[in-house]
Amino acid sequence: MHLKKHLMFIFAILIALGMIYFYAISDLFHPKQIASYENFTEMNEEFDASNEIAKASKVLTIVKNPAGIIHGKENVEGNFIALTFDGMDSRGNMEAILKIITDYGWHATFFVEGVNAAKESAVIQKLIQEEQLIGNYSFVGISKAEQLKPEVVLEQFCRTQKIVKLITGSEPKLFKLPDTQFTDELLLIAKACGLENAVQSDVSATISELGDEEAMEQFVGKIQPGMIVSLQMGKPVPVQYTRKKGPDAPAIDKQPTIEIKNPIEVKDIPAVLIIKKLCGLLQAKGYQTVTVNALTEINKSSRKP
């Protein structure tokens, strides 16, 4: 009798340990590793970017040519589009998304937050191994960056540049920020940090918006060859904005992103399934996805009058 109780006790312990292990490794319980804007100093020692920040601050005082802005182009020859993923999801989801892209033989541009790239360096390395393009999405995915103090934006860029360089061996040349106007000041800051171009989407949506079948069909219907098509992987990190005194410089961007209006409330469909369906629709329409850099070259060589 005592032996039976002991065996049941041991069995219960094994089940509990198994559940704890599953919780520790499963993406279901760790959907996105993202730090709050106010508390991202935990990696200061490992990824100290003090020298890079100081250097960029000096360059900012003398730089005259701002970073450029890359747009897509409508109605070009061929069925090429640039697909971008804005922000990182969990490790499991990122690896699944990469497999979907590579199974089609496609290439995409992944704009990553520095904090997530640091925590998931293996994912970044896999992206590079599969010849995907990495871009700077700031350290925590800040939005409305034109309303932040210049030193804050500069630090966000520099820290991400440092982390990606440590992981891949080279710094990103492209950057993207959600809900941000690319003002002259912001583009000068980016150039001082080693970033050559901002990327402006032609069509964009959050993953959650595309969970509805009708919304996805509308989204795909907006896409034309030569466009930059962007998927926002999560909500931008909320930050405390400090508006500068006086009027902001006019935005250089003259082509606002096309966004889905009046989003429909949808069921919670896993991001990977949404992206898999979207890629299937794109493939059925004959589209091929390439990196932003590749699309820029294709658009330049287009023979459209």
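All residue numbers refer to positions in the sequence shown, counting from 1.
Atom OG1 of Thr102 is separated from atom CD of Gln129 by 11.5 Å, given to the nearest 0.5 angstrom. For the atom pair CD (Glu213) and CD (Glu217), the distance works out to 5.0 Å, reported to the nearest 0.5 Å. Rounded to the nearest 0.5 Å, atoms CD (Glu113) and CG (Asp86) are 9.5 Å apart.
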Could you go step by step and tell me if Leu127 and Ile134 meet the side chain to side chain contact (heavy atoms under 4.5 Å, CB included) rule? CA-CA 8 Å; Leu127 292 174; Ile134 303 295; 3.6 Å; yes

With ring-ring contact (aromatic ring centres under 6.0 Å, His included) as the test, would you mind laying out the steps for Phe175 and Phe182 before giving the verdict? CA-CA 11 Å; Phe175 77 95; Phe182 297 134; 5.6 Å; yes

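Here salt bridge (charged side-chain N to carboxylate O under 4.0 Å, His left out) pairs that include residues 283-292, with residues two or more places apart or in two chains, number zero.
When atom types are taken as modelled, the side chain of Ser121 and the backbone of Ala118 share no donor-acceptor pair closer than 3.5 angstrom. Between the side chain of Ser138 and the backbone N or O of Gly141 there is at least one donor-acceptor pair closer than 3.5 Å. In this structure, Thr109 contributes its side chain and Val292 its backbone to a donor-acceptor pair below 3.5 Å. In this structure, the side chain of Glu196 does not engage the main chain of Lys173 through any donor-acceptor pair within 3.5 Å. Of the possible donor and acceptor atoms, none in the side chain of Asp202 sits under 3.5 Å from a partner among the backbone N and O of Met227. Gln156 places a side-chain N or O within 3.5 Å of a backbone atom of Phe139 that can act as its donor or acceptor partner. Checked by atom type and distance alone, the side chain of Thr289 pairs as donor or acceptor with a backbone atom of His107 at under 3.5 Å. In terms of modelled atom types and a separation under 3.5 Å, the side chain of Asn136 and the main chain of Phe157 share a donor-acceptor contact. Put simply, the side chain of Glu155 never gets that close to the backbone of Ile53: no donor and acceptor are under 3.5 Å apart. Distance alone, capped at 3.5 Å, is enough to place a donor-acceptor pair between the Thr180 side chain and the Pro178 backbone.
Applying the side chain to side chain contact (heavy atoms under 4.5 Å, CB included) test to Glu151 and every residue at least two apart in sequence or in another chain returns Lys149.
Across Thr296, Leu195, Leu133, a single residue satisfies side chain to side chain contact (heavy atoms under 4.5 Å, CB included) together with Leu174, and that is Leu133.
Judged by distance alone, the side chains of Thr84 and Ser230 do bring a donor and an acceptor atom under 3.5 Å apart. Side chains of Asn293 and Thr291: no donor on one and acceptor on the other come within 3.5 Å.
Taking the six-membered ring where tryptophan is involved, the planes of Phe110 and Phe85 are essentially parallel, since the angle between them stays under 30° and well short of 60°.
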